[in-house]
Amino acid sequence: METTDLKIPTHIAIIMDGNGRWAKQRHRPRTFGHTKGADVLEQILTDCDELGVKYLTVYAFSTENWARPYEEVKVIMDLFRKYLISSVEKCARNNVRARIIGDKSKLSPDIIDAINNLEEKTKNNTGITFQIAMNYGSRDEITRAVRMLAKAIEVGELHSDEIDESTIEHYLDTADCPDPDLLIRTSGEVRLSNFLMWQLAYTEFYFTDVLWPDFDKAELLKAIEKYSSRDRRYGKVSK
Ligand code: FPP
């Protein structure tokens, strides 16, 4: 299929899985896989942008990932810190609007500063919106949303009868972002792992055995081709 014949999803979400196995196949530490994974992510962001995708959301670190060995968590946080700092200039150059979703309050203060700086410096960019889920879990996101909602009722800003789906969406980390059209999960695992459970209600899912560090533009196009060929006439399409 020609790229011009493809139906390009407005919003792609990705569970980047398989870094550890990719490194193990090469007799290297798991963290080697994460470093390569971060490079791949940078390229996929560029590819999505060039294809006309408007939103890319990636699962970088889950609320459950803190249970991993200390050294591994440290390397992911170091990568994340570097990524946030270097992204300021790259996002400016490429007109990318960056946003971090998840519970930021549990991250280290310097990482929170780097997030705030990146979000602030890129907030008026009009190109692709790049959302990184960091210390993210869907149940945690919904719990935080419910807490904020309850507070709004408590202080009299909101009445319980006024609550509808859009009220709930307003309190989610992804407020103002359309739901994903396509979810990609790499490495052969077929589950959601607490990722965007509210937002993926009507999304097309694509699973591939390819490990994240081996994922590239050709693999991305395969996922988009599959998405393009699926019949989405029935039910709701993304907002
Ligand atoms: C899953 O592979 C990957 C992660 C938990 C971390 C994802 C992180 C990156 C791609 C790099 C850092 C990201 C940024 C934004 C700088 P896994 O470790 O679960 O692999 P396995 O299933 O083979 O063990």
Side-chain angles (χ1 to χ4, degrees), residues 12-49 55-91 94 96-104 106-108 110-119 122 128-138 140 173-174 183-196 207-217 219-220:
I12 297 181
I14 306 181
I15 302 178
M16 309 176 287
D17 201 3
N19 293 345
R21 275 162 285 168
W22 183 88
K24 194 167 175 222
Q25 285 171 358
R26 285 156 183 78
H27 311 287
R28 302 290 297 267
R30 296 173 53 80
T31 49
F32 179 65
H34 296 318
T35 307
K36 171 72 170 144
D39 292 343
V40 168
L41 173 57
E42 206 161 311
Q43 184 55 49
I44 291 295
L45 172 63
T46 306
D47 295 335
C48 281
D49 193 17
Y55 298 83
L56 174 68
T57 304
V58 297
Y59 208 3
F61 194 84
S62 74
T63 46
E64 289 76 29
N65 283 155
W66 295 106
R68 292 190 176 207
Y70 171 79
E71 256 316 302
E72 184 174 346
V73 171
K74 187 176 173 309
V75 167
I76 295 179
M77 290 298 156
D78 287 347
L79 264 177
F80 190 50
R81 183 180 288 105
K82 266 206 304 213
Y83 202 86
L84 290 167
I85 294 167
S86 66
S87 288
V88 174
E89 190 266 326
K90 282 182 204 150
C91 288
N94 299 305
V96 174
R97 182 167 69 122
R99 163 148 102 157
I100 282 56
I101 60 169
D103 184 0
K104 295 170 208 163
K106 305 263 169 26
L107 301 171
S108 73
D110 67 315
I111 290 190
I112 296 174
D113 285 348
I115 288 173
N116 291 339
N117 184 46
L118 177 63
E119 288 185 334
T122 65
I128 189 168
T129 295
F130 178 39
Q131 300 192 115
I132 307 173
M134 199 70 201
N135 190 30
Y136 176 88
S138 215
D140 177 69
D173 296 343
T174 51
L183 168 80
I184 299 171
R185 181 165 189 157
T186 58
S187 93
E189 308 293 347
V190 183
R191 51 176 185 268
L192 275 188
S193 301
N194 205 8
F195 189 46
L196 301 177
F207 297 101
T208 171
D209 288 339
V210 172
L211 303 176
W212 176 251
D214 288 328
F215 197 82
D216 58 11
K217 188 172 184 181
E219 296 297 333
L220 175 67

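When a ligand or atom number is given, it counts from 1 through the structure's own listing order.
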Side chain, backbone, both or neither: which part of N65 has a heavy atom under 4.0 Å from ligand 1?
side chain
Would you indicate whether the side-chain heavy atoms of I14 and L56 approach each other to under 4.5 Å?
yes
Tell me whether the NZ or CZ atom of R26 lies within the 45° cone about the ring axis of W22 and under 6.0 Å from its centre.
yes
Atom 4 (C) of ligand 1: closest protein heavy atom, distance to 0.1 Å, is H34 CE1, 3.9 Å
Trace of the side chain to side chain contact (heavy atoms under 4.5 Å, CB included) decision for Q25 with L211
CA-CA 11 Å; Q25 285 171 358; L211 303 176; 3.5 Å; yes
What part of L41 sits under 4.0 Å from ligand 1 if we count only heavy atoms: the side chain, the backbone, both or neither?
side chain
Considering heavy atoms of the protein only, find what lies nearest to atom 24 (O) of ligand 1 and give residue, atom and distance to 0.1 Å.
R30 NH1, 3.0 Å
Below 4.5 Å, heavy atoms only, C-beta onward: do F130 and Y55 meet side chain to side chain?
no
Is the contact between M134 and ligand 1 made by the side chain, the backbone, both, or neither, using heavy atoms and a 4.0 Å cut-off?
neither
Which ligand 1 atoms, with their elements, are less than 4.0 angstrom from a heavy-atom of Y83?
16 (C)
shortest atom 9 (C) of ligand 1-to-protein heavy-atom contact is with N19 ND2, 3.8 Å
Pick whichever of M77, E72, R21 has a heavy atom sitting closest to atom 22 (O) of ligand 1.
R21
At a 4.0 Å cut-off, with the gap strictly under it, does some heavy atom of A60 reach an atom of ligand 1?
yes
Side chains of S187 and R21, donor plus acceptor under 3.5 Å
yes
Which of parallel (below 30°), tilted (30 to 60°) and perpendicular (above 60°) describes F195 and Y59?
parallel
For a side chain to side chain contact (heavy atoms under 4.5 Å, CB included) with Q131, tell me which candidate from L196, D173, I101 qualifies.
I101
Apply the test side chain to side chain contact (heavy atoms under 4.5 Å, CB included) to residues L183 and L192: give CA-CA distance (whole Å), side-chain angles for both, the deciding distance (0.1 Å), then the verdict.
CA-CA 10 Å; L183 168 80; L192 275 188; 3.7 Å; yes
Looking at ligand 1, is there an atom of it that comes within less than 4.0 Å of some heavy atom belonging to R68?
yes
Which residue and heavy atom of the protein sit nearest atom 20 (O) of ligand 1, plus the separation
G20 N, 3.0 Å
heavy-atom search around atom 3 (C) of ligand 1 in the protein gives M16 O, 3.2 Å
Candidate pair E119 and R99, rule salt bridge (Lys or Arg N to Asp or Glu O under 4.0 Å), full reasoning:
CA-CA 6 Å; E119 288 185 334; R99 163 148 102 157; over 6 Å; no
Short N or O distance, D17 and ligand 1, threshold 3.5 Å exclusive
yes
